[in-house]
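Any value given below was found using the heavy atoms of this structure, including those in side chains, with hydrogens, waters and symmetry copies removed.
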Amino acid sequence: QVQLVESGGGLVQAGESLRLSCAASGLTATMGWFRQAPGKEREFVASISGTGSNTDYAEFVKGRFTLSRDTAKNTVYLQMNSLKPEDTAVYYCAARYGGMWYTRSPNDFGSWGQGTQVTVSS
């Protein structure tokens, strides 16, 4: 099974930016980011197809977050701009190995990273 290693989380002030990275130990198809705030369920943030040509974003991050992919490095990058306190959560990288690229269900992803904390202060 492919291992996913996330990096780039931290503490920032509202309006600032962070970039999360997720490196996969092998080939994957769709990769995505989910987040989970204390007391809340894990929610979809963004996903990108295996070739990087298709992306999908949750409404609450559209225009602020950008997901990109370096297929040569098996790495995806989540650029997060204009961060808000409500973006505070543990962010998880996830990967799947086939099927249609478009999905927002965490059940469709077979591998998960350990999570990285993002904290946005007001």
Side-chain angles (χ1 to χ4, degrees):
Q1 192 173 17
V2 170
Q3 303 298 314
L4 304 176
V5 179
E6 301 129 333
S7 61
L11 171 64
V12 296
Q13 294 188 332
E16 295 184 339
S17 300
L18 278 175
R19 190 177 80 154
L20 305 184
S21 298
C22 175
S25 61
L27 295 177
T28 63
T30 299
M31 293 186 72
W33 286 92
F34 292 77
R35 70 186 188 185
Q36 188 166 19
K40 295 187 177 181
E41 293 189 353
R42 190 169 298 190
E43 62 180 354
F44 170 80
V45 176
S47 65
I48 190 166
S49 61
T51 61
S53 58
N54 296 290
T55 53
D56 181 34
Y57 297 94
E59 284 299 319
F60 54 78
V61 303
K62 281 185 178 178
R64 300 189 298 125
F65 292 11
T66 302
L67 184 56
S68 61
R69 183 169 194 152
D70 185 333
T71 55
K73 296 182 178 179
N74 293 329
T75 300
V76 295
Y77 305 97
L78 184 66
Q79 178 66 43
M80 305 187 296
N81 298 330
S82 302
L83 282 163
K84 305 175 181 180
E86 51 263 44
D87 293 319
T88 295
V90 177
Y91 283 70
Y92 296 91
C93 177
R96 60 184 312 209
Y97 304 99
M100 293 182 63
W101 80 268
Y102 178 84
T103 180
R104 294 186 173 190
S105 172
N107 295 329
D108 290 334
F109 291 81
S111 293
W112 292 83
Q114 79 284 358
T116 185
Q117 177 70 47
V118 171
T119 303
V120 184
S121 64
S122 57

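Atom CG in Asn74 sits 8.0 Å away from atom CE in Met31 (nearest 0.5 Å). Note that CG of Leu20 and OH of Tyr91 are 7.5 Å apart. Values are rounded to the nearest 0.5 Å. How far CH2 of Trp101 is from CD1 of Ile48: 8.5 Å, rounded to the nearest 0.5 Å. To the nearest 0.5 Å, atoms CG (Leu67) and OG (Ser49) are separated by 9.5 Å.
Pairs passing the side-chain hydrogen bond (donor to acceptor under 3.5 Å, both in side chains) check and including a residue from residues 18-34, sequence neighbours excluded, read Thr28-Arg69. Applying the disulfide bond (SG atoms under 2.5 Å apart) test to residues at least two apart or on different chains, the pairs with a partner in residues 2-112 are Cys22-Cys93. Within the structure, side-chain hydrogen bond (donor to acceptor under 3.5 Å, both in side chains) pairs that include any residue of residues 55-64 comprise Asp56-Arg104, Glu59-Lys62, Arg64-Asp87 (at least two apart or interchain).
For Ala23, the side-chain contact (heavy atoms from CB on, under 4.5 Å) criterion is met by Thr75, not counting sequence neighbours. In this structure, the side-chain hydrogen bond (donor to acceptor under 3.5 Å, both in side chains) partners of Thr51, at least two apart in sequence or on a different chain, are Ser53. Residues that satisfy the side-chain hydrogen bond (donor to acceptor under 3.5 Å, both in side chains) test with Thr88, not counting sequence neighbours, are absent from this structure. Phe34 meets the ring-ring contact (aromatic ring centres under 6.0 Å, His included) test with Phe44, Phe109, Trp112; sequence neighbours excluded. For Asn81, the side-chain hydrogen bond (donor to acceptor under 3.5 Å, both in side chains) partners are Ser17, Gln79, not counting sequence neighbours. Under the rule for a salt bridge (charged side-chain N to carboxylate O under 4.0 Å, His left out), Arg96 has no partner lying at least two apart in sequence or in another chain. By the side-chain hydrogen bond (donor to acceptor under 3.5 Å, both in side chains) test, Glu41 is found to be paired with no residue, residues two or more places apart in sequence or in another chain being considered. Remark: Glu16 engages Val12, Gln13 in a side-chain contact (heavy atoms from CB on, under 4.5 Å) (not counting sequence neighbours). With sequence neighbours left out, the salt bridge (charged side-chain N to carboxylate O under 4.0 Å, His left out) criterion links Glu43 to Arg35.
The shortest side-chain heavy-atom distance between Tyr97 and Val2 falls under the 4.5 Å cut-off. Residues Asp70 and Tyr77 are in side-chain contact: their nearest non-hydrogen atoms beyond the backbone lie under 4.5 Å apart.
Between Ala37 and Ala89, the closest heavy-atom pair is N-CB, 3.9 Å. The two atoms that bring Ala29 and Gly98 nearest to each other are CB-N, 3.8 Å, heavy atoms only. Minimum heavy-atom separation, Leu4 to Ala24: CD2-CB, 3.6 Å.
In this structure, Tyr92 is not a member of the same hydrophobic cluster as Val61, with clusters built from ILVMFWY side-chain heavy atoms closer than 4.5 Å.
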Exercise. Verify side chain to side chain contact (heavy atoms under 4.5 Å, CB included) between Phe65 and Leu18, making sure each step is shown before the conclusion.
Key: CA-CA 10 Å; Phe65 292 11; Leu18 278 175; over 6 Å; no
